[in-house]
Structure formats: C-alpha cells, structure tokens
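Since we're looking at a predicted model, the values are computed, not measured. Just the heavy atoms: all of them, side chains too, but no hydrogens, waters or symmetry mates, feed the values below. Proteins come first, then strands; the chains are lettered A, B, ... in the order of their sequence lines, and each starts at number 1.
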Amino acid sequence: MSSHWADINADKIVREKGEKDRYTCASGITPSGTVHVGNFREIISVDLVVRALREKGHEVRFLYSWDDYDVFRKVPATVTDRERFEEYLRWPITLVPDPEETYESFARANEAELEGQLERVGITPEYIYQATQYRASTYARGIRTALEKRDRIREILNRFRTSPLPDEWWPVSVFSRFTNRDTTRIVGWDGEWGLTYFCEESGQEDTIDLRETGFAKLPWRIDWPMRWAWEQVDFEPAGKDHHSEGGSFDTARHVVREVFDWEPPVTFQYDFISIKGRGGKMSSSSGEVISLRDVLEVYQPEVLRYLFAGTRPNSEFAISFDLDVIKIYEDYDKCERIYFGQETVNEKRAAKERRIYELSQVDAPPAALPAQIPFRHLCNLLLIHDGTIDAALADMPGYTEFDDELKRRARERAACAWNWVQEFAPDDFRFHVVDPETTEPRSLSDAERTAVAGLRKMLAAGLDDRSDKDVQNGIYDIARDAGLEPKDLFRTLYLILVNQERGPRLGGFLKTLGAPRVLRILERY
RNA sequence: GGGCCGUUAGCUCAGCUGGUAGAGCAGCAGACUCUUAAUCUGCGGGUCGAAGGUUCGAUCCCUUCACGGCUCACCA
C-alpha cells in the first residue's frame with residue numbers, strides 16, 4: 001500500500017464518503033486573466049488524487065469549473081486599449097471581448113489557453129462553464145433555496161464578520177438586463193421565482209423569473225456550497241487563504257450543511273508556490289504572470305508533474321528557472337532509474353520513488369528504462385550545434401535506434417534545454433563555437449603554435465577510437481612537449497574554439513565536435 | 001483578535017498514520033597532469049524549538065509556552 005499523499009487522500013475520500021458508485025472531485029477558478037502556475041497546483045493536486053482513486057478501481061468524475069460568470073473587476077495590465085475595456089467593468093467576464101480578438105470572449109481566451117496546456121500534461125477534466133450554467137437557469141432551484149434561507153445564510157456569514165451584514169442584504173446579485181452590469185440592488189422577491197431589482201445606472205426596475213433568465217448569480221461564498229450540493233462533490237482542495245476559519249471554504253462548509261443539505265467535500269489545504277530564478281510575479285493583476293505555458297518551456301510535462309507529485313501539497317516550494325533546473329532533471333532521471341530497478345536504494349525510498357514516477361507520467365510509464373539524456377550534456381550538444389535539435393540529438397549514441405516515442409521525448413527535452421540555455425542559463429554557461437569563415441585567427445606565441453600543430457596531428461589521426469580521457473591526456477602531452485603549462489594551453493584552446501577562457505570538458509568536447517570541424521578551425525594557425 | 005503551518009547536522013530539507021534520526025550542498029582527508037555549482041573515494045552521534053503528559057518506548061500523539069511565517073474577518 002502506497003503512502004503517497006495522493007493515495008492517502010483517495011483512501012480518505014472512500015472512508016469518509018463511504019463506498020459509492022462514483023466519486024466527484026472538483027476544482028475550478030475564475031478566468032479573469034492568465035491563469036498562473038500557482039493556480040495549477042490545485043488542479044494537479046486534484047488530478048493526482050483522481051488518478052489514485054481510479055487506480056483503486058473507483059469511477060471518478062473530475063470536474064473543472066470555470067467561474068466565467070464572475071464580474072470583470074479590473075482591466076488586466078496586459079490590455080493596451082484600456083479605455084475601451086473600462087466600458088466593460090462590472091460585466092460578467094463571459095461577455096467581455098477578447099483583447100486579442102481570437103476567441104469569443106475574454107474569459108474564453110483564458111480558458112482555452114489553460115485547457116490546451118493541461119492536455120499536454122495529461123490533465124483532462126470535464127469542464128463546466130458556470131456562465132453557461134447560470135444563463136441556462138440551471139441553478140434556479142439553488143438560488144431560490146438561498147433566497148428562502150436568506151436569514152440563515154446571513155447569520156452564518158455574520159459569525160465571522162467584523163461588521164454584520166445589513167438587514168437589507170440579499171444572498172444574490174443580479175446583472176442588469178439594461179447595462180449588463182451588476183450595479184443593481186434587489187428590491188423584492190415574491191417568495192417563489194420572481195426577483196425584482198433596481199438598476200442603478202439606468203434607474204429602471206425589472207422583475208426576472210429565475211427559471212427563465214440567468215441574470216441572477218450567487219456570490220462566491222454561497223455559489224460554492226450550492227454547487228457542491230448540485231454536483232455532489234466529494235473532494236475539493238483549496239488554498240490556505242480559503243481554509244482559515246472564516247475563510248470561504250470554512251463558511252461554505254457551514255452553508256452547505258445548513259442551507260443546501262449536503263456534507264462538505266473531503267479537502268486539504270495546499271500551500272502557495274513561488275518562482276525562483278526569473279522575474280515576474282504570481283498575481284494575475286500585474287501583467288507579468290508565470291503561466292503553465294512558461295513553465296513548460298523549460299520543464300518537460302513529466303518533469304513538471306514530478307515536481308508536484310514529489311512535494312506534499314501543504315508545503316510551499318519554488319519552481320526554479322536557475323541552475324536548479326539541471327538538478328531537477330537529474331533527480332527525475334534518478335527517480336526513473338529507481339523505478340526500473342537500475343539504481344538501488346532502500347525499499348521504503350524505492351516504493352516512494354516508484355509511486356512518484358508513476359504519477360509523474362502523462363500516460364502509462366514506458367515498458368523499459370528509456371535512454372536518458374542528461375540535461376547538462378544536452379545543453380552542451382545544443383550549444384555546439386547552435387540550437388539545432390536534430391543535429392544535437394544525432395550526436396547522441398544510439399539515437400537512430402530510438403523508437404518514435406523515445407525520439408519525441410528526446411526532442412521535447414532538447415527543446416526545453418535550449419529554451420533554458422538561451423533564457424535562463426548563466427552567461428558563462430553558454431558558448432558559441434567559432435566559425436572559421438567569419439572569425440579572424442588569434443595571434444599566438446611560438447610555443448602555442450607548436451601546441452596547436454601537435455593537436456592538429458592528433459586530430460588528423462582521428463578521434464573515434466579514443467576515449468574522452470585519452471584525448472584529454474593527449475592534450476597534456478602536447479602541452480608538455482610545447483613547454484606550456486597545461487592550464488594555459490587549455491585556456492588558449494578555448495579562446496581559439498569558443499572565444500572564451502573556459503568551455504566544456506575538452507576531451508568529450510573535441511570528440512563531439514568531430515575532428516574535421518576542429519581541424520577547420522585550427523587549420524589557420 | 002481567530003485559524004493554519006513551520007522550528008531536525010553549518011545551509012536547504014526528508015523522515016506521512018510511535019520503536020532511541022537521514023539526504024543533498026558546504027566542510028575535512030585522499031585521488032585525478034583538468035574545467036562545466038568539476039569528478040571519484042572516505043568521513044555525519046545533531047539536547048529532532050522549550051517544558052510537561054500519554055506510552056514498555058515519541059522527532060513523529062496530547063497540553064502549554066517561545067520564536068518565525070502565512071492566512072481570515074472586503075471581493076472572488
């Protein structure tokens with residue numbers, strides 16, 4: 001039995017909710033801007049628990065709610081035509097146009113972006129669009145229940161408020177038929193389906209039938225528990241902001257029991273994640289959010305999942321874009337070797353790593369240990385080939401025998417490596433092989449020229465049947481014969497080859513470059 | 001003011017349902033005629049924040065306290 005947190009939570013759901021034909025796990029967010037990786041933690045947490053439940057043989061409904069009937073409160077920083085968009089403030093975001101004009105609405109643009117990225121990491125929930133639900137009057141009964149239990153709801157919320165809600169407070173808001181805005185005031189309710197509101201901008205009064213128009217919407221703290229009951233949600237985690245006493249999850253759990261007659265879902269609290277090694281904030285209000293797409297530029301889907309599967313939800317962690325990236329890829333590869341029994345650790349650790357590896361896969365785990373291409377090595381290969389992925393991979397021993405899936409993964413990793421090298425690697429990590437056509441030769445001392453001649457001689461004999469170490473040692477001999485300090489010769493050679501004082505370990509580097517290419521550079525000395 | 005979470009080797013942290021603590025980095029010693037945060041080998045007795053309690057036995061459970069962080073009470 002696995003002690004992974006996803007399995008523990010799956011067991012907990014079954015224990016607390018009893019044996020059911022189907023369990024409903026839910027997640028969701030308001031698409032009022034680019035969805036950032038912080039929000040991703042919630043959905044992947046649910047995905048992992050859903051997988052655990054399914055693997056235990058349970059049927060699971062995995063819901064993702066887009067709260068696209070929420071109000072457009074603030075024009076996002078990324079919008080250039082601000083004046084035009086200020087017109088839409090207080091509208092439901094589902095009616096606000098897409099600033100890029102690609103999708104039918106601002107909400108849809110944000111939704112489509114995330115949905116596409118989620119698919120890449122193997123997360124395919126059933127999406128529910130709350131604007132569609134509300135506007136189809138799906139929740140008429142739920143809204144009426146809230147109206148009927150208005151006093152009770154107010155009393156629940158007041159338990160946690162510093163200043164109590166006024167007597168004229170209603171547990172519902174209305175988008176005006178005349179302006180689309182929620183700048184309205186409820187003025188009456190007929191005790192059944194008729195709700196009357198006053199539109200403050202147009203000064204008009206209007207009565208709607210909850211069963212026929214979708215203008216009415218429950219505020220968040222009531223909407224959430226109403227939908228728990230409607231969708232019969234068994235599990236939904238939430239961020240720590242919601243989980244404090246008096247926070248929205250807490251009031252929702254009271255409301256769902258006392259008003260909607262449903263038990264609150266099993267839950268856990270997940271902590272926030274931060275970003276290390278690059279600029280950009282996590283809040284959606286500033287334009288500079290780090291999205292799932294941004295993270296996937298540097299992390300393969302499996303490695304990204306590994307990051308979350310390997311970390312307990314209630315601990316904070318940072319997604320790194322700095323040199324940690326190399327370490328994380330190495331850790332992932334190690335985890336993979338442990339899964340395939342190629343590296344031995346104690347059984348307890350092995351069991352844990354195996355489970356993490358399974359949960360990290362987008363699809364089923366490979367049948368056998370895939371050829372691993374160390375991230376750092378891949379970076380060097382790409383640098384040698386100026387970022388040409390095909391050329392870099394062709395230098396990998398055995399690459400031509402890879403099957404299609406292996407090739408696909410290798411290319412994916414190479415793309416991440418190249419993105420990382422270009423965007424985030426430290427400057428001294430990068431190098432550029434000199435092009436003899438366009439670069440003037442350096443001036444050398446006599447001893448250096450002798451050494452270069454010696455190296456040419458070695459290269460002319462071919463490198464293919466020499467080991468990295470052998471080539472490396474050859475350079476020492478050359479240095480000694482030329483009367484140079486090896487250290488100085490190394491520096492000189494790097495200057496000649498990559499125009500920097502340092503570079504990749506020379507033995508392997510020369511072999512990877514290939515004798516002909518190196519000779520073309522050395523020929524001029 | 002309420003709630004939640006931390007406090008474990010110099011640093012970063014594992015230790016998930018109690019049996020007297022582990023890993024990475026740093027450090028030290030040795031090897032490598034070198035250079036990717038260089039590589040290899042060896043070296044880890046730290047009152048597990050403090051004090052009580054439960055237990056045959058607690059880093060892991062309970063209580064209290066100290067320090068640190070987050071969060072709620074406006075909206076989602």
[X] and side-chain contact (heavy atoms from CB on, under 4.5 Å): which single residue from [options] fits?
X	options	answer
A:Asp223	A:Ile143, A:Val255, A:Val172, A:Leu218	A:Leu218
A:Arg154	A:Leu157, A:Asn158, A:Ile156	A:Asn158
A:Tyr306	A:Thr311, A:Asp331, A:Leu359	A:Asp331

For this session: Could you tell me whether A:Phe249 and A:Trp224 have their ring centroids closer than 6.0 angstrom?
Result: yes
Problem set entry | Distance flag, aromatic centroids of A:Tyr139 and A:Tyr69, threshold under 6.0 Å | no
Round to the nearest Å and state the distance from [X] atom [atom1] to [N] atom [atom2].
X	N	atom1	atom2	answer
A:Asp271	B:rG3	CG	P	19 Å
A:Asp322	B:rA37	CG	P	12 Å
A:Tyr270	B:rC70	OH	P	18 Å
A:Phe249	B:rG2	CZ	P	23 Å
A:Ile273	B:rG69	CD1	P	22 Å
A:Ile328	B:rA37	CD1	C1'	14 Å
A:His377	B:rU39	NE2	P	16 Å
A:Glu330	B:rA23	CD	C1'	15 Å

When the [atom1] atoms of [N] and [M] are considered, how many whole Å apart are they?
N	M	atom1	result
B:rU17	B:rA58	C1'	14 Å
B:rU59	B:rA51	P	12 Å
B:rG49	B:rC60	P	8 Å
B:rA26	B:rU39	P	8 Å
B:rA9	B:rC48	P	10 Å
B:rC4	B:rG18	C1'	24 Å
B:rA50	B:rA66	P	15 Å
B:rU47	B:rU7	C1'	15 Å

Flag the pair [X] and [Y] as a salt bridge only when some basic side-chain nitrogen lies within less than 4.0 angstrom of an acidic carboxylate oxygen.
X	Y	value
A:Asp271	A:Arg41	no
A:Arg159	A:Glu155	yes
A:Glu115	A:Arg108	yes

For this session: Quick one: the dot-bracket string of RNA chain B, using Watson-Crick and G-U wobble pairs with both distances under 3.5 Å, [ ] for crossing pairs and | for bases paired to another strand.
Result: ((((((((.[[[[.)......]]]].(((((.......))))).....(((((.......))))))))))))....
For this session: Quick one: list whatever passes side chain to side chain contact (heavy atoms under 4.5 Å, CB included) with A:Arg90, sequence neighbours left out.
Result: A:Val71, A:Arg73, A:Arg181, A:Asp182, A:Thr183
What pairs of nitrogen or oxygen atoms, one from the protein and one from nucleotides 58-64 of chain B, lie under 3.5 Å apart?
none

Problem set entry | From A:Phe308, A:Tyr299, A:Tyr270, A:Tyr64, residue fulfilling ring-ring contact (aromatic ring centres under 6.0 Å, His included) relative to A:Phe40 | A:Phe308
Seminar exercise, completed: Applied to residues 305-315 of chain A, the salt bridge (Lys or Arg N to Asp or Glu O under 4.0 Å) test, sequence neighbours excluded, yields A:Asp47-A:Arg305
Exercise. Taking protein heavy atoms under 4.0 Å as touching, what does nucleotides 71-76 of chain B look like 5' to 3' if B marks base contact, S marks sugar-phosphate-only contact and - marks none?
Worked result: BSBSSB
Seminar exercise, completed: For nucleotides 8-14 of chain B, 5' to 3', base contacts (B), sugar-phosphate-only contacts (S) and non-contacts (-) with protein non-hydrogen atoms under 4.0 Å give ------S
For this session: Mark yes when over 12 heavy atoms from residues, nucleotides or ligands other than A:Trp220 sit less than 6.0 Å from its CH2; otherwise mark no.
Result: yes
For this session: Would you tell me whether A:Arg337 and A:Gln372 have side-chain atoms, one donor and one acceptor, within less than 3.5 Å of each other?
Result: yes
Exercise. What is the minimum heavy-atom distance between A:Ser65 and A:Arg227, and which atoms define it?
Worked result: OG-NH1, 3.3 Å
For this session: Verify side chain to side chain contact (heavy atoms under 4.5 Å, CB included) between A:Leu497 and A:Leu510, making sure each step is shown before the conclusion.
Result: CA-CA 10 Å; A:Leu497 294 170; A:Leu510 292 179; 3.9 Å; yes
